[in-house]
Chemist: 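Before we start, here is the structure in question, set down as structure tokens.
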Amino acid sequence: MSTPAIGAANARRSGHDQPSDYKRIYVWQFPVRLFHWATAASIVLLCITGFLIGHPLNAFYAAEAYHQYWFGWVRFVHFTAAFVLMAVQILRLYWAFAGNRYANWRHFLPLTRAQWEDIENLISTEISQIRKQERYHMGHNSLAATTYFVMFLAFLFQTATGLALYAHMSDARLTHIFNWIVPLLGGDAGVRFWHHLFLWAFVLFIIVHVYLVLYDDYVKGGGEISAMISGWKFKRNGNER
Amino acid sequence: MGQTIWQSMQQKGYSRREFLQFCSAAAAMAGLSQSSIGQVVSAFETQTRPAVVWMHFQECTCCSESFIRASHPTVADVLFDVLSLNYTETLMAPAGFQAEKSLEDTIRDQAGKYIVLVEGSVPLAADGVYCMVGGKSAEAILQTVAKDAAAVVAWGNCASNGCVQSAKPNPTQATPIHKLVDKPVINVPGCPPIADVMMGIVTHLLVVGETPELDDTGRPREFYGRRVHDTCYRRANYDAGLFVEAWDDENARKGYCLFKMGCRGPVTYNACAVVKWNEGTSYPIQSGHGCIGCSEAGFWDNEPFYQHLPEVPGFGIESTADKVGGTLGLVTLAGVATHAVLTNIRKKSVIAEQHRDDPKE
Ligand code: HEM
Ligand code: SF4
Ligand code: SF4
């Protein structure tokens, strides 16, 4: 089933794997890669511009207000990035049903025993490093996929609160669909507070996500980073996952 | 009673010319166009003086204080003459049983025609003993009065949202009117609402004879459709990124945007920057102080007022969203760094193991 990566006896026995032991697999299709990098770019932009909207800097001086508009541009970037983010999330949602097996929605909801067993395994090996028998995953591992689902919920919350704040600046009916959240959170002030607090969910995610991707490359040699650019991964013969 | 508005004005010595002036002013206040003045005139020639009862529950009377300072004296005077203000604890001449009788008479004789203006919230805790008038609880009075009312208006933040009495932990269980009355309530929030806004709404009810267009939370769109921030004259400074950093700094003197001083303009729907206060003299931001969001639900709980975001509940004093988030971020970074160190130690042994059988150079 799983190919031992670190500290496994059979890895030593076979010495270096020969090139013929590997096969190229097209794992991340173009829509997935597009989604990934567009999401990454827009979330980073949203976090930076969002933080600035909450904590404006007196960055530039002008004798008259009409000489500059930089804070207006910060908000413009925030809104543009927000719409890019929303668009690619919808694309990805579609692709969770239309894409290949690695993109399928089933990965993201831990509904089966096998997924929970995989999560348990990941926590005891890679996260806490108690056990050493690590698994190699061709697509998402169950822990990562579940985290992505949680982040999707966080995205939905940011979309609801963000659009609720945006609605009064727009006549487009579509931006008004989350207005019902305003009284629930205690008015616009409450909406802004929660929208600001959730910024940190994304910051925490970025720290852990970037670290784990580097970890995967550094320790397991899975080629995660290049795979998210090219789409290709290598499959060792005999590895079913 | 039974008189039309025009008749009662004639009786008080108004000329036809003054009557027509009043009609145009009323039409303007109700947000009607020039061409509908004729409609107003004929309405006032035929309508009887509408009976109004003004209820006072848990409040500070700042709404009444505001109302009597409306900046269009002609309209204000005439409205008081025109309205048949049958009951209002603070302004009426009768007292005691006499006063209660005029309320009962109005409810009985004008059923389905009178207008109820409510100032203050209704306490529900302890069977409503926190606010009793004439031996009856505010809730009981409200239900009696509202039952046959043609329209119910909630004056101010107390009646619309509960205001300071309902601030956490809300000991008297102060409740806004719209949660208690099962008919549409016109919410006119503000602490107090702007006098001219109040006058505009009453005028609209009289002139057009129906409720003005309301938003999702029952506020008239014409006055609460936009944020203070959208109409603020300092907005250009906001967009230019020019902010006041301290109350007495150079930027404050230049009139820069008060966002960093906790201005609630961006989250507050009110007409302050347009209608202004005290006969159009000024409004808080024009006087150098940020908006505190007095027309928003729960604004007392969004403390501190001189800080952009409220504190994170449950995390103690001075715990802003960024302090909580930033601390979590640092903890995460530390965790990741520890993991990285452990991983590096482990990787050494893995590499050594992998290459144990390699031929020596
Ligand atoms: C990763 C996602 C996002 C993050 C981290 C984020 C972060 C932030 C932050 C920190 C603020 C400042 C809040 C304050 O302190 O007042 C803000 C404001 C805002 N955000 Fe977002 N945001 C995100 C997504 C969105 C989305 C999807 C929308 C949808 C249109 C949106 C619309 C807005 C609006 C309208 C404001 C208020 C700006 C203003 O009134 O000038 N945001 N955002
Ligand atoms: S002073 Fe307040 S309302 Fe005016 S632009 Fe600045 S933040 Fe907005
Ligand atoms: S500026 Fe804000 S706090 Fe001041 S009166 Fe207007 S809504 Fe209330």
Side-chain angles (χ1 to χ4, degrees), chain A residues 5-9 11-13 15-16 51-52 54-62 64-75 126-127 129 132 165 168-169 179-180 182-183 186-194 196-201 203-204 207-208 210-212 214-215 218-219, chain B residues 161 215-217 225-227 230 234-245 251 256-257 259-260 264 266-269 293 296-299 301-302 308-310 312 320-322 324-326 328-329 331-333 335-337 339-340 342-344 346-347 349-350 353-358:
Chain A
I6 294 184
R12 181 154 34 92
R13 231 177 287 120
H16 288 301
F51 190 82
L52 279 172
H55 302 272
L57 296 171
N58 267 323
F60 305 101
Y61 172 80
E64 294 290 347
Y66 66 82
H67 290 169
Q68 67 187 20
Y69 191 69
W70 81 265
F71 201 63
W73 284 109
V74 168
R75 295 174 60 240
E126 300 188 22
I127 306 296
Q129 310 205 343
K132 284 197 166 178
L165 289 173
H168 57 76
M169 307 179 214
N179 284 1
W180 50 267
V182 176
D188 277 29
V191 175
R192 278 188 88 116
F193 168 75
W194 285 104
H196 192 119
L197 197 63
F198 263 67
L199 155 75
W200 292 101
V203 174
L204 297 192
I207 296 174
V208 174
V210 171
Y211 171 72
L212 285 180
L214 294 176
Y215 169 89
Y218 187 66
V219 176
Chain B
N161 302 311
D215 66 10
D216 310 344
T217 56
R226 301 173 78 192
R227 301 175 301 171
D230 295 321
R234 299 197 187 204
R235 179 59 187 266
N237 294 289
Y238 173 85
D239 286 330
L242 300 171
F243 300 99
V244 175
E245 302 271 0
N251 295 354
Y256 285 177
C257 167
F259 184 90
K260 294 179 89 169
R264 300 283 190 266
V267 291
T268 304
Y269 294 80
E296 287 294 306
F299 79 101
D301 290 326
N302 291 334
H308 166 53
L309 291 178
V312 184
T320 59
D322 294 322
V324 173
L328 286 176
V331 170
T332 312
L333 270 179
V336 159
H339 197 270
L342 286 177
T343 302
N344 254 309
R346 207 159 52 105
K347 189 177 176 182
S349 70
V350 172
E353 210 171 329
Q354 282 265 354
H355 291 268
R356 203 163 65 188
D357 298 342
D358 284 3

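Order of the sequence lines sets the chain letters (A, B, ...), proteins ahead of strands, with each chain counted from 1.
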Chemist: Between CZ of F259(B) and CZ of F71(A), what distance do you get to the nearest 0.5 Å?
Modeler: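 Between F259(B) CZ and F71(A) CZ, I get 6.0 Å after rounding to 0.5 Å.
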Chemist: So, for K347(B) and Y218(A), which heavy atoms are closest and what is the spacing to 0.1 Å?
Modeler: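 Closest approach of K347(B) to Y218(A): NZ-O, 2.7 Å.
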Chemist: Using non-hydrogen atoms only, which part of F299(B) is less than 4.5 Å away from chain A: side chain, backbone, both, or neither?
Modeler: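 Neither part.
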Chemist: For residues G329(B) and I207(A), report the shortest heavy-atom separation together with the two atoms involved.
Modeler: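 Looking at all heavy atoms of both residues, the shortest contact is O-CD1, 3.9 Å.
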Chemist: For the residue pair A65(A) and A240(B), what are the closest heavy atoms and their distance?
Modeler: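 Closest approach of A65(A) to A240(B), heavy atoms only: O-CB, 3.2 Å.
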Chemist: At their closest point, which heavy atom of K260(B) faces which heavy atom of N58(A), and how far apart are they?
Modeler: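 Scanning both residues, the minimum pair turns out to be NZ-N, 4.4 Å.
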Chemist: Picking from G72(A), P56(A), A59(A), which has the most non-hydrogen pairs under 4.5 angstrom with chain B?
Modeler: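 Among G72(A), P56(A), A59(A), the one with the most close pairs to chain B is P56(A).
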Chemist: Picking from N251(B), D301(B), V312(B), which has the most non-hydrogen pairs under 4.5 angstrom with chain A?
Modeler: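 Heavy-atom pairs under 4.5 Å are most numerous for V312(B).
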Chemist: Does any backbone or side-chain atom of H308(B) lie under 4.5 Å from a heavy atom of chain A? Answer side chain, backbone, both or neither.
Modeler: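 Only the side chain of H308(B) comes within 4.5 Å of chain A.
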Chemist: At a heavy-atom separation under 4.5 Å, does D216(B) approach chain A through its side chain, its backbone, both, or neither?
Modeler: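 Contact with chain A: side chain only.
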Chemist: Can you tell which part of L309(B) gets under 4.5 Å to a heavy atom of chain A, answering side chain, backbone, both or neither?
Modeler: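 The side chain, not the backbone.
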Chemist: Look at N237(B), L328(B), L242(B) and state which one has the largest set of heavy-atom pairs under 4.5 Å with chain A.
Modeler: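 Ranked by heavy-atom pairs under 4.5 Å with chain A, first place is L242(B).
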Chemist: Please state whether the side chain, the backbone, both or neither of L57(A) comes within less than 4.5 Å of a heavy atom of chain B.
Modeler: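 Only the backbone of L57(A) comes within 4.5 Å of chain B.
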Chemist: So for D230(B), is it side chain, backbone, both, or neither that comes closer than 4.5 Å to the heavy atoms of chain A?
Modeler: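 Interface part for D230(B): side chain.
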Chemist: Could you tell me whether the side chain of Y211(A) and the main chain of A340(B) form a donor-acceptor pair under 3.5 Å?
Modeler: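 Yes; at least one donor-acceptor contact below 3.5 Å.
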Chemist: In terms of heavy-atom proximity below 4.5 Å to chain B, should F60(A) be classed as side chain, backbone, both, or neither?
Modeler: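 The backbone, not the side chain.
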Chemist: Tell me every residue that passes ring-ring contact (aromatic ring centres under 6.0 Å, His included) with H67(A), counting only those two or more places apart in sequence or in another chain.
Modeler: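 Counting only residues at least two positions away or on another chain, H67(A) forms no ring-ring contact (aromatic ring centres under 6.0 Å, His included).
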Chemist: Can you tell which part of F243(B) gets under 4.5 Å to a heavy atom of chain A, answering side chain, backbone, both or neither?
Modeler: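 For F243(B), backbone and side chain are both near chain A.
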Chemist: Using distance alone, with no hydrogens and no angle criterion, decide if D322(B) and W200(A) have a side-chain donor and acceptor under 3.5 Å apart.
Modeler: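 Yes - a donor-acceptor pair under 3.5 Å links their side chains.
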Chemist: Using a cut-off of under 4.5 Å on heavy-atom pairs, state which of G298(B), P310(B), P266(B) scores highest against chain A.
Modeler: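 Among G298(B), P310(B), P266(B), the one with the most close pairs to chain A is P310(B).
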Chemist: Chain A heavy atoms under 4.5 Å from V331(B): which part of the residue, side chain, backbone, both or neither?
Modeler: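 Neither; nothing under 4.5 Å.
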Chemist: Counting heavy-atom pairs closer than 4.5 Å to chain A, which one of T343(B), N302(B), L342(B) comes out on top?
Modeler: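 Going by pairs under 4.5 Å, I would pick T343(B).
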Chemist: With a 4.0 Å cut-off on N to O distance, would you call D188(A) and R264(B) a salt bridge?
Modeler: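 Salt bridge: no.
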Chemist: Measure distances from L212(A) to the heavy atoms of chain B and classify the residue's part below 4.5 Å as side chain, backbone, both or neither.
Modeler: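 No part of L212(A) comes within 4.5 Å of chain B.
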Chemist: Under 6.0 Å from the CH2 atom of W194(A), do we count more than 12 heavy atoms belonging to anything else shown?
Modeler: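 Check fails, neighbour count at 12 or below.
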Chemist: What part of R227(B) gets within 4.5 angstrom of chain A, counting heavy atoms only: side chain, backbone, both, or neither?
Modeler: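 Side chain only.
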Chemist: Go through V74(A), L52(A), V208(A), I127(A) and name the one with the most non-hydrogen pairs under 4.5 angstrom from chain B.
Modeler: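 Result: the option with the highest number of such pairs is I127(A).
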Chemist: Non-hydrogen atoms of chain A under 4.5 Å away: do they reach the side chain of A297(B), the backbone, both or neither?
Modeler: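 Only the backbone of A297(B) comes within 4.5 Å of chain A.
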